[in-house]
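Let me begin by presenting the structure, written as structure tokens, before commenting on it.
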Amino acid sequence: MPTEAPEAPQAPEERRRGTLTSGRGRLADPIFKWIVAGCGTLVLIILALMVIRTTSEAWPVFAKEGFFGFLLGDEWTSGGSRTEITGTYGAWPFIYGTLVTAAIAIVIALPLSIMVAVYLTHMAPPRLAKPLSYTVELLAAVPSVIFGLWGLHWFLPNVMRPFFDWLEGVLGWFFLFEGPVLGVGYLPAGIVLAIMILPIMTAIVREVIAVQPLDQQMAAYAMGSTRWEVITKVVLPASFSGIVAAAMLGLGRALGETIAVLMLIGGSQAWGASLFGTGSSMASHIAATFGEATPETRTALMAIGVALFLVTMIVNILARVIVWRLGQTKGDAAV
Amino acid sequence: MSVSNTAANPRDPESGVTAPDTAAKGRSTPELGEPVFDVSGLSVVYGTNRAVRDVDLKVGPQQITAMIGPSGCGKSTVLRTLNRMNDLIPGARVEGKVTYHGEDLYAPEVDPIEVRRRIGMVFQKPNPFPKSIYDNVAYGPRINGMRGNMDEIVEQSLTKAALWDEVKDKLKDNAFALSGGQQQRLCIARTIAVNPEVILMDEPCSALDPIATLKIEDLMYELASEYTIVIVTHNMQQAARVSDRTAFFTASVDEAGDRFGNLVEYDETSTIFSKPSDQRTEDYIAGRFG
Ligand SMILES: Nc1ncnc2c1ncn2[C@@H]1O[C@H](COP(=O)(O)OP(=O)(O)O)[C@@H](O)[C@H]1O
Ligand SMILES: [Mg+2]
């Protein structure tokens with residue numbers, strides 16, 4: 001017991017001092033609310049300004065080619081005018097290049113990231129799992145130009161090229177794998193993109209899987225499930241929305257990636273079905289030509305920027321719709 | 001209460017049972033019969049901690065065996081040795097012998113997956129899957145490749161778990177929408193659906209309110225006509241109400257100062273609660289009933 005009581009027990013009337021309207025809560029919470037709302041609005045305003053500005057700069061190109069003419073036209077001939085649009089601008093080869101490389105990347109990276117995440121959470125010996133998880137997270141922070149350099153100078157000649165030659169030999173009759181194998185092209189760009197987005201996707205999937213409640217897994221084991229069944233029937237379905245989130249993030253990165261794609265896709269303005277063919281993505285084409293572009297071409301590159309924004313948004317919305325639909329049919333509470 | 005009429009049923013009042021009535025709803029204690037589990041010299045080691053030592057226990061068929069005792073005395077640990085759930089805990093090791101119908105559960109050729117299919121388990125906290133009520137019950141039959149009409153299996157299992165009437169119109173609803181007591185009965189239905197012989201229950205009511213608890217107790221009582229049930233409970237009235245036999249565990253300290261769980265006394269529930277032969281049992285029961 002303290003010998004001195006600095007605050008003696010108060011009399012009941014003391015405790016009723018002040019009014020009920022003078023508390024801190026009346027001011028603090030509204031202020032906090034306004035700060036947060038303000039920041040949110042600011043982000044929206046910046047986004048809106050960006051969209052309006054690029055669209056209005058790109059407007060002359062859309063006006064000349066037509067909106068769908070620009071998106072679906074496959075001829076790109078720059079003109080040299082300062083004041084009007086004299087060339088022909090069709091962005092399809094670049095849109096195609098973007099979609100194909102991103103699709104290759106996600107098709108490879110999604111199953112791989114799930115498998116690695118399952119290994120890290122459920123199979124790796126604990127002593128190995130920790131350092132491996134850290135390494136994966138570290139890889140996610142490697143700048144993309146490094147991936148590009150490594151892909152171009154080591155991975156392409158030593159691994160991918162021999163693999164492509166073999167693939168062409170076996171599946172060359174199939175239009176996706178028709179020769180000739182040039183080295184750079186959609187497939188190597190897509191594969192390096194896959195390697196690039198693998199770490200961040202794995203890190204997210206691992207996190208999602210790791211927090212799945214153990215008691216549900218124990219229940220599954222107690223009914224005679226094998227580990228495989230527990231993972232595929234209990235853990236992964238419950239992780240579904242998290243896995244889709246990881247895929248969306250990876251896809252977003254793949255769609256917008258510039259430098260690594262620029263180094264590996266071949267940089268041509270052509271497009272074709274064979275994955276061994278060369279081309280350009282929207283981002284890589286902007287980066288490759290913006291420096292020396294005439295004012296007129298810059299306008300056209302702005303239009304590609306607008307198209308990239310649209311494509312990214314559409315892909316995201318589609319992904320969300322898919323999640324929502326699947327979530328409905330599964331009665332998934334987690335979505 | 002439903003008692004099936006097979007002559008071999010040890011619950012059948014006509015089958016020559018001589019034991020006196022227990023507190024358990026006035027029914028008489030069946031004889032032990034041919035044991036389902038025969039545990040002898042069982043010790044469980046977690047890493048370097050010999051947490052449970054020298055347990056001997058026989059569990060009779062189609063009756064309810066309760067394990068009671070203070071928390072940390074190894075009840076859950078012993079229960080998990082009966083369906084090899086301890087295999088899933090890294091560093092856990094089982095010594096001694098556990099037989100299931102005379103067969104060594106820990107023989108190298110025994111498949112723990114098959115063991116768990118026959119010996120189901122219900123846990124302390126209701127743990128349904130984040131799926132529909134239907135899919136929760138159908139999970140086990142599906143993975144075990146059970147043939148037959150799935151709708152029928154689901155209905156039967158839910159009926160046996162006394163849940164069918166409450167959920168028959170919302171089988172597609174997510175199981176998380178159910179109350180705690182309903183979720184626990186769903187977990188029991190899910191366990192029943194794979195057609196086990198034994199159901200192990202680890203404090204199945206400790207997360208439930210008294211009314212839900214009574215429902216589960218009634219259910220256990222019903223199920224005991226068909227299944228062998230081993231229940232861990234910290235609630236002694238519950239053990240007294242539902243069980244035929246009771247094992248009292250306690251925590252002891254060895255010469256080295258290490259705590260370990262051990263079995264003090266195992267007998268018919270009526271005996272344990274009226275005239276226990278060990279002072280520690282008497283103290284524990286008296287203390288709790290205060
Ligand atoms: N998963 C585990 N890992 C390590 N030690 C454990 C584990 N589960 C239980 N133990 C040990 O075994 C002892 C008995 O625990 P438990 O079987 O859960 O007791 P009860 O169910 O009677 O409360 C505990 O004191 C603890 O030291
Ligand atoms: Mg316990």
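Lettering of chains follows the sequences in order, A, B, ..., and the numbering in each one begins at 1.
With chain A as the partner, the residue from B/V194, B/I143, B/V122 showing the most heavy-atom pairs under 4.5 Å is B/I143. Taking A/S225, A/P126, A/P213 one by one and counting their heavy-atom pairs under 4.5 Å with chain B, the maximum is reached by A/S225.
The shortest heavy-atom contact between A/G224 and B/I113 is O-CG2, 3.0 Å. Annotation for B/N127 and A/D215: closest pair ND2-O, 2.9 Å, computed over non-hydrogen atoms. Between B/R190 and A/M223 the shortest heavy-atom distance is CG-SD, 3.4 Å. Shortest non-hydrogen contact noted between B/M85 and A/M218 is CE-O, 3.4 Å. Minimum heavy-atom separation, A/Y221 to B/R116: O-CD, 3.2 Å. Between A/A219 and B/F123 the shortest heavy-atom distance is CA-CE1, 3.7 Å.
Within a 6.0 Å sphere centred on CZ of A/F174, heavy atoms belonging to other residues, nucleotides or ligands number more than 12. Counting non-hydrogen atoms of other residues, nucleotides and ligands closer than 6.0 Å to CG of A/L42 gives a total above 12. More than 12 heavy atoms of other residues, nucleotides or ligands sit less than 6.0 Å from atom CZ of B/R117.
Residue B/L200: no heavy atom, backbone or side chain, is found under 4.5 Å from chain A. Contact annotation for B/P196: neither backbone nor side-chain heavy atoms come within less than 4.5 Å of a heavy atom of chain A.
Taking CG from B/N144 and CD from A/E229, the interatomic distance works out to 7.0 Å, rounded to the nearest 0.5 Å.
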